[in-house]
Amino acid sequence: MSDNLIKPYGDTLNDGVVQLSFTLPIEASARARKAAEAYVAKLNFEEISVAHYKKIADGFTYFVVYARAIPVLDYNHIQAQEVESKGMDYYEINKQIAEKFGRKLNVVGATIGTDAHTVGIDAIMNMKGWDGNYGLERYSEMNAYNMGAQIPSETLLAKAIEVKADAILVSQTVTQKDSHIRNFTEFMELVEAENLRKNFILLIGGPRITNEMAIEMGYDAGFGPGTKPSNVAEYILTRLMEKQGLSR
Amino acid sequence: MLHLPLEPQQIQRVKTLAREIAAQVQDFIDLHSSDSSERTVLRLYGVDGVTEDGVPLPNRLVELLRESRLIESGVSRAFAAAMIKTGLGASETAQALHEGTIRFSELKSIPADLVINKEKELCQRAISLLDRSRKVKREKAQKFGNPSYPWRYLIVASGNIFEDRTQARSAAFSGADVIAVIRSTAQSLLDYIPFGATTEGFGGTYATQENFRIMRSALDEVSQDLKRYVRLTNYSSGLCMAEIAACAAIEDLDMLLNDSMYGILFRDINMKRTFVDQYFSRMICGRAKIVINTGEDNYLTTSDAIDKAYTVTASQLINEAMGHNALLSDDLLGLGHAFEINPKIKNQLLYEVSHAQLARQLFPSAPLKYMPATKHKSTDIFFSHVMDTLFNLVTIATKQGIHLAGMATEAIHTPLMQDRYKSLANTNYVFNAAADFGSEFQIRPDGFIAKRAQQVLDEAEACLIKVHEVGLMQAISEGQFADTYRSKDGGKGLSGVFAKAIDYSNPILAQIKAEGMME
Ligand code: B12
């Protein structure tokens with residue numbers, strides 16, 4: 001495979017132009033401007049131009065800088081694990097569940113820990129759904145239980161056991177100080193401690209969640225912004241078929 | 001001048017409905033108190049500090065009172081008796097009760113007249129704390145210079161009070177009139193107030209009395225430098241509404257987020273608990289001249305901002321009525337609303353002007369708290385910055401009171417120092433460029449904006465009629481607000497609510513009530 005070397009595009013291929021803005025904890029002055037330039041040079045840029053700088057507090061200066069990036073990247077070496085979707089719709093998914101399983105699938109979801117954000121998990125689970133795409137509660141071939149927010153990990157797992165869940169949906173919105181990572185990890189440890197990992201499809205989601213992150217933490221998949229309920233329903237269907245050795 | 005052709009009779013009607021809805025809730029409130037309301041009494045009597053296990057003494061004492069099965073009479077008289085018994089000050093007496101050298105159950109022999117005199121003395125102390133705060137704030141506003149509306153309101157949320165202080169100074173430097181310290185993620189569910197200066201919070205910084213003091217004193221220095229009074233706000237919400245109001249009054253805070261329903265809807269706190277606590281907290285705010293900010297803006301994050309715009313109006317009317325019941329004057333009613341319509345909607349701006357102007361005219365003397373777009377903010381920070389420009393225009397054109405500056409990075413993280421700077425640069429620009437915009441234009445009486453406002457008001461009236469019929473508690477359990485359903489006995493904190501006994505006493509509440517609204 002030949003190299004596919006890339007750089008940021010400004011107005012000419014491979015000019016490397018990047019815009020940056022940041023604050024330094026120093027008083028605004030000609031020297032501060034020099035410091036910004038020197039700092040950006042350390043980041044591996046050239047032709048650095050401090051377009052704007054301004055005092056934003058005693059001892060703090062804000063900068064807008066243009067510069068050309070030096071490094072190139074071989075795009076052929078970049079891999080990302082996206083959740084695959086064939087774009088199945090509500091009707092197709094219901095039909096397939098009925099055909100392949102002959103029973104309704106059970107799905108439990110919650111926002112765990114002290115996070116009180118419900119809009120994301122509601123978008124996926126509640127009747128109404130998201131952006132004109134029906135939520136899991138609406139699926140005739142699913143029993144969906146949305147427990148809401150501020151749910152302790154133990155409570156979510158207990159509910160999943162009670163309703164014999166096929167899939168558990170865990171949502172996290174607050175990410176400050178990596179609180180989402182902590183909560184996801186805690187939930188996973190709980191599931192593993194009970195020796196139940198293989199019983200469930202485990203999905204996570206939220207505005208700062210990626211599929212890679214999910215896989216790294218031992219979940220089946222992760223869903224970020226713009227996820228539609230049908231993406232999640234399709235994933236549950238195909239993953240469950242895979243787990244049970246059913247053909248597509 | 002921007003003006004909607006609203007019918008005065010209809011405004012009368014909706015205000016009457018709201019008053020009657022609030023009166024029904026007040027009947028419940030008057031018969032009940034809560035653990036946190038009792039802890040508030042202790043704080044205002046001078047009980048502070050924590051036990052060797054870190055339990056705040058007000059919590060410890062109310063627990064002991066419960067164990068002695070005396071809670072229904074309130075803590076006031078019992079604590080007054082304990083002070084007579086020890087002959088010591090409030091803190092030492094609290095310590096003695098904690099250590100068990102004296103017990104609430106062993107104070108019956110103390111003569112009633114002595115106890116009542118002691119109680120009066122303690123109550124005087126409490127009231128004078130609140131009165132002092134009211135005066136101090138008035139003097140500071142005069143001394144430093146009082147900014148005109150709209151006040152530019154900026155949030156800090158680093159989790160570390162010392163870092164917050166740096167960020168607050170920076171925001172004030174760029175033009176902030178109000179600094180809000182956002183609370184740590186789970187604080188509303190704590191049934192106590194953490195103690196001391198804190199440096200570890202998530203999505204915000206713990207509200208503690210010491211943190212209040214640190215920030216207020218930093219802002220006093222800033223006000224001195226800038227010759228402009230910079231106000232401070234925090235959250236009187238969750239399970240400790242009234243206690244936080246008390247700490248805020250003691251430390252001369254200027255504003256508090258304080259809503260009669262927010263905790264119920266967005267934190268699943270029991271509604272009876274919330275209604276009882278919000279009343280006492282607001283009585284404190286009224287006496288100490290703390291502006292409250294209500295939380296209607298939040299409804300539009302879980303409901304659609306066009307379909308459910310009327311819930312904001314209905315809730316503002318209820319919050320106003322409940323505020324008046326708690327003796328809040330109009331200048332303290334920072335009723336909330338927001339610029340939360342999906343930017344893809346055609347004529348979004350006209351809808352927003354219509355809604356904002358409706359609020360302006362329904363509550364002409366209230367410093368309305370206007371919130372920026374949040375839910376529809378994009379992770380494309382440049383687009384979000386542009387959205388804020390329109391928001392800023394609506395604020396200045398419709399003369400809002402408290403302007404929460406929108407952040408370009410809203411959809412990503414709690415604001416960085418430079419985010420606040422950019423936001424204020426935008427706000428300052430628009431407020432100046434469009435300073436008299438609202439005075440130069442008229443609203444077409446038969447146009448889109450006027451019709452839309454009329455529709456919202458009609459829908460709000462219909463909503464209030466329904467709420468009036470079933471009562472506010474039932475209406476909330478039917479999902480009337482924020483599309484969120486909460487049952488009367490569900491949620492957190494109900495076990496801390498109790499019916500007052502015949503000999504219940506809370507002289508602080510009684511005196512504030514007897515002396516009426518403050519000038
Ligand atoms: C609405 C909102 C609120 C509402 C929440 C109401 C409710 N009932 O949910 C209220 C006002 C209550 C609120 C409170 C707080 N909030 Co808030 N809030 C937001 C806001 C404006 C929008 C979030 C939202 O609803 N997005 C719309 C939904 C549909 O998108 P989504 O969550 O990404 O969901 C989609 C996908 O991610 C996916 N998905 C989501 N979950 C899951 C789960 C699974 C399993 C799957 C498959 C998919 C999936 O599907 C959805 C549809 O596509 C954001 C800012 C923003 N614009 O993002 C801040 C924001 C999220 N909040 C924030 C903060 C800090 C808070 C508070 C902690 C503030 C405080 N200190 O009090 C509190 C929370 C307290 C607590 N205990 O958690 C920060 C988070 C910062 C961070 N990165 O950590 C943000 C980013 C604002 C900011 N810039 O500071 N908030």
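Proteins get letters first, then strands, A, B, ... in listed order; numbering begins at 1 in each.
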Between B:Ala425, B:Ser174, B:Gly203, the one whose heavy-atom pairs under 4.5 Å with chain A are most numerous: B:Gly203
Heavy-atom proximity to chain A below 4.5 Å, by part of B:Thr484: neither
If you count heavy atoms of other groups shown closer than 6.0 angstrom to CD of B:Glu478, is the number above 12? yes
If you compare all heavy atoms of A:Gln150 against all heavy atoms of B:Arg267, which two are closest, and at what distance to 0.1 Å? NE2-O, 3.2 Å
Given heavy-atom pairs under 4.5 angstrom as the criterion, report whether the side chain, backbone, both or neither of A:Lys54 touches chain B. side chain
When rounded to the nearest 0.5 angstrom, what is the spacing between CZ in A:Phe63 and CD in B:Gln418? 11.0 Å
Taking atom OH of A:Tyr90 as the centre, report whether more than 12 heavy atoms of other residues, nucleotides or ligands fall under 6.0 Å from it. yes
Grab the two heavy atoms, one from B:Ser170 and one from A:Ile56, that are nearest each other, plus how far apart they are. OG-O, 3.0 Å
Mark yes when over 12 heavy atoms from residues, nucleotides or ligands other than B:Phe162 sit less than 6.0 Å from its CZ; otherwise mark no. yes
Take a 6.0 Å sphere around NZ of A:Lys177 and say whether it holds more than 12 heavy atoms from other residues, nucleotides or ligands. yes
Determine the option with the most heavy-atom pairs under 4.5 angstrom with chain A, choosing from B:Gly201, B:Gly204, B:Ala411. B:Gly201
A:Ser179 versus chain B, the contacting section by heavy-atom distance below 4.5 Å: side chain
Side chain, backbone, both or neither of B:Lys344 within contact of chain A (heavy atoms, under 4.5 Å): neither
Is it the backbone or the side chain of B:Ala157 that comes under 4.5 Å from a heavy atom of chain A, or both, or neither? backbone
So how far is it from B:Asp304 CG to A:Lys128 NZ, rounded to the nearest 0.5 Å? 7.0 Å
To the nearest 0.5 Å, how far apart are CG in A:Asn126 and CG in B:Asp483? 9.5 Å
More than 12 heavy atoms of other residues, nucleotides or ligands under 6.0 Å from OH of A:Tyr134: yes or no? no
Engaged part of B:Ser303 at the chain A interface, taking heavy atoms whose separation is under 4.5 Å: neither
Identify which part of B:Thr166 has an atom lying under 4.5 Å from any heavy atom of chain A, answering side chain, backbone, both or neither. side chain
Answer yes or no: does atom OH of B:Tyr429 have more than 12 heavy-atom neighbours from other residues, nucleotides or ligands under 6.0 Å? no
Could you state the interatomic distance from OH (A:Tyr62) to NZ (B:Lys422), rounded to the nearest 0.5 Å? 4.0 Å
Can you say whether B:Tyr421 sits under 4.5 Å from chain A via the side chain, the backbone, both, or neither, judging by heavy atoms? side chain
Is it the side chain or the backbone of B:Leu416 that comes within 4.5 Å of chain A heavy atoms, both, or neither? neither
Chain A contact via B:Ala172 - which portion, at a heavy-atom distance below 4.5 Å: neither
Pick from B:Leu424, B:Thr302, B:Thr301, B:Leu189 with the largest number of heavy-atom pairs that fall under 4.5 Å of chain A: B:Leu189
Top contributor to chain B interface from A:Thr118, A:Val119, A:Thr175 [non-hydrogen pairs under 4.5 Å]: A:Val119
Atom CD in A:Gln176, atom OG in B:Ser158: separation rounded to 0.5 Å? 8.0 Å
CZ on A:Arg208 to OG1 on B:Thr379, rounded to 0.5 Å: 6.5 Å
